[in-house]
Every structure is written in structure tokens, then in C-alpha cells.
Number of protein chains: 2
Amino acid sequence: MAMQTPAPSTERKRGSGAKTVYELLRNDILDLVLPPGSPIDEVQLAEHFKMSRTPIREALVRLAGEGLIDTLPNRSTMVSNIDFLNLHTFFDALVLMYRVTTKLAAQYHRPADLLEIKARQSEFATAVANQDALAMIAANAALHSAIADAGRNPYFVAVFNRILDDGRRILRLYYQSYGDRLPQQFVDEHEEIIAAIAARDADLADRLARIHAEQIVEQIQRLFARKDRFDISL
Amino acid sequence: MAMQTPAPSTERKRGSGAKTVYELLRNDILDLVLPPGSPIDEVQLAEHFKMSRTPIREALVRLAGEGLIDTLPNRSTMVSNIDFLNLHTFFDALVLMYRVTTKLAAQYHRPADLLEIKARQSEFATAVANQDALAMIAANAALHSAIADAGRNPYFVAVFNRILDDGRRILRLYYQSYGDRLPQQFVDEHEEIIAAIAARDADLADRLARIHAEQIVEQIQRLFARKDRFDISL
DNA sequence: GGGCAGTTTCTTGTCGACAAGAAAAATACA
DNA sequence: TGTATTTTTCTTGTCGACAAGAAACTGCCC
């Protein structure tokens, strides 16, 4: 188990243990530092973070609740797999939630939401300019998550964040194998979407979100088609 | 804290502790045996279930992950509130997910799914006939959850189950105050929907689900309007 | 009588240890 | 040598105890 994040030295505040472990592990999973199938060892984590197994366990229970790790009773725990055989369910959910959350954002956003959204878009543009795939993937998820927040529907926010999490893993899986150009096109599309939200044009936001989502789906499908041809091992 | 479910006497199997506590607590919350705001005391639960605080804690972490309880750090834990001020977000999500899951069920269901769905519908009809509100509410959620399962999209299944959970609490809140007739109409609408699924008519399933969902929304809104007039205290 | 500081109490967060299940390893046997 | 069985090991699930934070309470001073 390759761990990226050595937890700091000094004593932690009470109550922060499980939270920090949760967040660090979560990021390592989503960035594929811990790829699917990686074994998760409680005692190893406890030693690594210099705390007892109890807060580790709490973090793992939470991650299991989000479907990011799988726990075999009385046996082992490991990072959950990505279900490539049913990618279409992922695409269906992605397109629908892109549309719904963007439309709701156009209807219900407040001024502060727009600032947040634009900040995320700015980070996304910077990552694309720097050809930093990891940062771009995370910024993309953060941007759309911010749009969903502006829509103010907690149910949609919750699903969408799960979808975006899986999207982070899937995109990372591709971009770490192929050093493609990062798509400037998405930056422009984001700008259009944000403009539609700011104009409170719900129908336009819906249409743009749909086009944007379907293009992302199409790109992922092309990528995986290529992967199938050239890289069977994955 | 009124507890409905005294956990049995004999020694439990290893690994079942947290699971049983989770399920029993969950049902008590959804049936409003533990209404919103009820304090959750770990030691009390530990005594009640005759186990240590550790498995109790795991169950609570899971429930918190589903948003059914709220934990104030270093302080208390209580059953989460129902957000009546933003019921429209609940309605939006309910209608959309009714439609999507029913449509997908029409497309992707397998023979075994139909048996499961019909079994739930049968339980629902029985509950309506018996004027058993609690059983009807649970059966309704189970029926639609089964339909969602047949649609085979784990993202939609997950949100929808959360929506249905909240729906159980909201409906229970109403039906426990007003001893209304239970609606035979919903039994018939369910039958139509099931027929459309069986016929693999996705468009019809979508239309029927939408009508069904909107009628449920309308009824809940009427109920709460009455409640506002007659029963301010809630 | 009211506000404030110190103390008590109460709940949660963390810890180290032990026990149960299951896999892996070692042993016995054909 | 291959297979069944026992033993060992390894990981998880559970436990009881302790410590930290926060609220509630107490007594004090004005």
C-alpha cells in the first residue's frame, strides 16, 4: 500500500482524528494513489497516522458508506473496484445530474454562489493551461459540485457528488496512461454554462449542460475504446 | 428516548452487533418511534442492547452518513430534523426519481424483478385494505425501491432510497395525526405502472410515474396545508 | 438578586488489549 | 506426491477504561 500522505508529527486535536484520516484516504482513493483493489490495513494505517485503530475504523466505516471501499466481514478491506461493465449507468446518471443541477443553479443561485463557481472555474482553467491532469480533474469535480450547491437541492447534491467522485477515478485512470492534451474546449463550455446560470436562463443552462455532459461521455467512451485496443491489461 | 426494540437475550454472532443496532435504530427513526430531535445516548443504547459502545458507535456513524442523525462534536447526538421549509426540494427530487427509476425499470427489468415488485405491491394493497398506515408507508417505499432496483442504476437507487426514507418520515408524520382513509387510488396507479414496466413501455412508464408522483406531492401539500391551519404546534 | 469564576458532571473521542473467524502454513497420512 | 487435517497467523470485531470538551451546577462577590 503506497501511502502519499504522512500525517504530521504533533498531537492532534480531539475529534480530528477520524476526519483527517477520512479526508486523506478519500483523496488518495479518488486520485488513484490507492487504486481499486488496494488492501486497506487498519493496523498499518494506525501506525502510519500514529493513532489507535478506533478513529481509523470510523473513517473506514464512512468510506464504506460512500462505496469507496469494500469490507469483507471478518476478512479484509480494500479499495472498491470501478464497474467498467456498467459504465452506461454512470453516463446516464452523469448526464441527468449535470442537467438538473445546472438548471437548478440557474434558478436558485445567489451572488455568493457565483463567486464560488467562478473561483472553481478559474482553478480549472489554470490546471488546463498548466497541463496538470490531476489538478484539472479535481477542479472539474469541484466546479460542478459548486454548481450543484448553488441549486440547493440536497438530494441532487449528494448523488452528484458520488457521481463526480467516480468520475474523478475514471478520468484519472485515463489521463495517467495517456498524456493527452487537456481540452481547452471544456474551459469554454464552462464559461458558457456559467454565463447562462448568471443570466438565470434555466432552459439554456439545461441545454448547455446536456451538450457538455454528452461530450464528456463521448470523450470517455473514445478513450476507453482506444484503451481496449492498445492496453488490454487494464 | 422511547425504544421500541429490545434486542434479544442470547449472545450475538460476531459482526452482527453494529448491523442489528443500525437496522433497528434506522427503522425506529423512519417510523418516528424516535422523532426528530430525540437524543441518542451511546451508553444508554449500549446498556439496552447489552453490548459495548464500539458497535453502537459504528451504527451511529453509518446513520450520520445517511443524514438520519446529527452529531454535534464533543456534545450530543440526536435524530435529524425534517426540513419543512425546503419541502419543494424534496418534491423536485421525488418526482424526478420516480420518473427515472420507473422508466429504467421498464427498460432493464428481468423476470425476477417483476416477481419482487408484485410481491411489494401485494403487501401495499394489503396494508391499504387493513387501513394500516405504518405498514402502507413502509410497503410503498419498499415497492418503489424494488422498481428502482429493477432499473439497475446504482446512483439512482442510492438517492432514491434516501428520498424514500425521508418520505417515510414525512408521511408518517401526517398519518399519525390524521386518521384519514388510506388511498385505494394509489393501489390502482401502482398496478398501471407495473403493467407498463412489464410491457417494457418506457414512455408510458415515465408518464404514469410522473402523474403518480405529482399526485402524491399534491396530497402531501394539501395535508400540510391543513396541518398548518389546525395544528400549529407541529 | 444577578453575574462571574471555579468545580462537577456528563458525553464523547481515543486507547490498548483480548477474542473470534478465516486464510495460510504446517503436519500427518495414504 | 497429493490430500485431508491440524496448527499457526493475521485481521477484524468487541470490550472496558481513561481523558478531553462542553454544559450544568455551585459558591462567591458585587
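Letters go in sequence order (proteins before strands), and every chain restarts at 1.
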Asks: Separation of A/I40 atom CD1 from D/dT12 atom P, in whole Å?
Replies: 10 Å
Asks: Step by step, work out the salt bridge (Lys or Arg N to Asp or Glu O under 4.0 Å) result for A/R120 and A/E123.
Replies: CA-CA 5 Å; A/R120 298 292 150 271; A/E123 289 171 10; 3.0 Å; yes
Asks: I'd like to check the salt bridge (Lys or Arg N to Asp or Glu O under 4.0 Å) partners of A/R57; sequence neighbours left out, ordered by chain and number.
Replies: A/E42, B/E58
Asks: Among B/L63, B/L68, B/D70, B/I29, find the one that has a side chain to side chain contact (heavy atoms under 4.5 Å, CB included) with B/V79.
Replies: B/I29
Asks: Starting at CG of A/D41 and ending at C1' of D/dT9, how long is that distance when rounded to a whole Å?
Replies: 13 Å
Asks: In B/S/- notation, 5' to 3', how is nucleotides 14-20 of chain C contacted by protein heavy atoms closer than 4.0 Å?
Replies: BB-B-BB
Asks: Report yes if the side chains of A/I147 and A/I197 come closer than 4.5 Å at any heavy-atom pair, otherwise no.
Replies: yes
Asks: So is A/R62 actually on top of A/Y22's ring, under 6.0 Å and inside 45° of the axis?
Replies: yes
Asks: Without decimals, in angstroms, what is the distance between A/L60 CG and D/dT11 P?
Replies: 14 Å
Asks: How close or far is atom P of D/dA23 from atom CG of B/L72, stated in whole angstroms?
Replies: 9 Å
Asks: Please state how far atom OH in B/Y22 lies from atom C1' in D/dG13, giving the value in whole angstrom units.
Replies: 19 Å
Asks: Which of parallel (below 30°), tilted (30 to 60°) and perpendicular (above 60°) describes A/Y98 and A/H144?
Replies: tilted
Asks: Compare side-chain N and O positions of B/T77 against OP1 and OP2 of C/dT11 and report whether any pair is under 4.0 Å apart.
Replies: no
